[in-house]
Amino acid sequence: AKKSIASDIGRIRQLGKFRGKPLAELDRRFIMETVAGLPCGDSTKNRYLALIRAILNRAVQEWEWLDSAPKLTLYREPKKRIRWLKPEEAQRLLGVLAASYPLLHDLAAFSLATGLRQRNVLDLKWEQVDVGRRTAWINADQAKGGVAVAVPLNQTALDILFGRPRNSVYVFAQANGKRMH
């Protein structure tokens, strides 16, 4: 029931050096060197370490496959400032997308108009849109916080919705009506 299960599976697949290695041989040095060699930033490496730690702790506490789990040290993550697109940057992005990728333009413009996450936009169904009330609903099981969210739709968002074909249950669908990925 974990929301990030697909991400976890993808991370496990990237840990090829772990394949065929007995759990008892996964010591701190091996794990830290393997994760250090991954081509990603420190924040992503911490996601790998958290996943490995969770699996090893379960192997100790629940499954009793190991007597103890190695202590893993997380990387220091920089405290980044939150950055928003400036209006001129957003317009430049939308201009490039409109010229070459009309569907991506609609996705980006709708996201900018509503503040919705990519997954929420791609999963949005017509039944979740109430044009009369100028609102879209993100169901609790689709929301990051696990709470249903009412999203106000401004005129830009409504114009995009009015321009979308209704050949699918999804607002933003492929030409064949299937959900976009």
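Remember, it's a predicted structure, so these values are computed and weren't measured experimentally. Atoms considered below: every heavy atom in the structure, side chains included; atoms not considered: hydrogens, waters and symmetry mates.
Atom CH2 of W65 and atom CG of L56 lie 11.0 Å apart (nearest 0.5 Å). Of the inter-residue distances, the one linking E89 atom CD with R83 atom CZ reads 4.0 Å to the nearest 0.5 angstrom. With rounding to the nearest 0.5 angstrom, the CG atom of L66 is 5.0 Å from the CG atom of L23. For the atom pair D8 CG and I52 CD1, the distance stands at 11.0 Å (nearest 0.5 Å). The CD1 atom of I138 sits 14.5 Å away from the NZ atom of K144 when rounded to the nearest 0.5 Å. For the atom pair Y48 OH and L74 CG, the distance stands at 15.0 Å (nearest 0.5 Å).
At least one side-chain heavy atom of Q155 sits under 4.5 Å from a side-chain heavy atom of D159. F110 places none of its side-chain heavy atoms less than 4.5 Å from the side chain of V171.
D27 contributes no side-chain N or O that, together with a main-chain N or O of P70, makes up a donor-acceptor pair within less than 3.5 Å. A donor-acceptor pair under 3.5 Å is absent between the side-chain atoms of K71 and the main chain of R28, judged by distance alone. When atom types are taken as modelled, the side chain of D42 and the backbone of E77 share no donor-acceptor pair closer than 3.5 angstrom. Here the side chain of Q174 pairs a donor or acceptor atom with the backbone of R179 at under 3.5 angstrom. Proximity of a side-chain donor or acceptor of N176 to a complementary backbone N or O of K178 within less than 3.5 Å is detected. Of the possible donor and acceptor atoms, one in the side chain of N167 sits under 3.5 Å from a partner among the backbone N and O of A175. When atom types are taken as modelled, the side chain of Q128 and the backbone of W137 share a donor-acceptor pair closer than 3.5 angstrom.
Closest non-hydrogen pair, P152 versus T114, comes out as O-CG2, 4.5 Å. Taking every heavy atom of both residues into account, D106 and R164 meet most closely at OD2-NH1, 3.5 Å. Contact detail for W126 and P165: the closest heavy-atom pair is CZ2-O, 3.8 Å. The two residues V149 and V147 make their nearest non-hydrogen contact at CG2-O, 3.3 Å. Contact record, L103 with A173: CD2-O, 4.2 Å, taken as the closest heavy-atom pair. Across every non-hydrogen atom of L94 and A109, the tightest pair is CD2-N, 3.6 Å.
The same ILVMFWY cluster, assembled from side-chain heavy atoms under 4.5 Å apart, contains both L158 and L107. Residues L104 and F172 fall within the same hydrophobic cluster, defined by Ile, Leu, Val, Met, Phe, Trp and Tyr side chains chained together at heavy-atom separations under 4.5 Å. Under the 4.5 Å side-chain heavy-atom criterion for Ile, Leu, Val, Met, Phe, Trp and Tyr, I55 and M32 are members of distinct hydrophobic clusters. L124 and Y170 are assigned to two separate hydrophobic clusters, defined by single-linkage of ILVMFWY side chains at heavy-atom distances under 4.5 Å. Note on F162: it clusters hydrophobically with L112, by side-chain heavy-atom contacts below 4.5 Å among ILVMFWY residues.
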Are I31 and L49 close enough, and set up right, to give a side chain to side chain contact (heavy atoms under 4.5 Å, CB included), and what steps lead you there?
CA-CA 8 Å; I31 294 169; L49 290 171; 4.1 Å; yes
Would S111 and Q118 count as a side chain to side chain contact (heavy atoms under 4.5 Å, CB included) if you check the C-alpha gap in whole Å, the side-chain angles of each, and the deciding distance to 0.1 Å?
CA-CA 7 Å; S111 296; Q118 175 183 332; 5.9 Å; no
H181/L122 under side chain to side chain contact (heavy atoms under 4.5 Å, CB included): CA gap, chis, key distance, verdict:
CA-CA 7 Å; H181 296 282; L122 292 175; over 6 Å; no
Side chain to side chain contact (heavy atoms under 4.5 Å, CB included) between L153 and V129, worked out:
CA-CA 9 Å; L153 301 174; V129 176; 4.2 Å; yes
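More than 12 heavy atoms of other residues, nucleotides or ligands lie within 6.0 Å of CZ in F30, so this atom counts as buried by the packing criterion. Around atom CZ of R119, more than 12 heavy atoms belonging to other residues, nucleotides or ligands sit under 6.0 Å away. Within 6.0 Å of the CZ atom in R134, the count of heavy atoms belonging to other residues, nucleotides or ligands exceeds 12. Residue K21 places its NZ atom among more than 12 non-hydrogen atoms of other residues, nucleotides or ligands, all under 6.0 Å distant.
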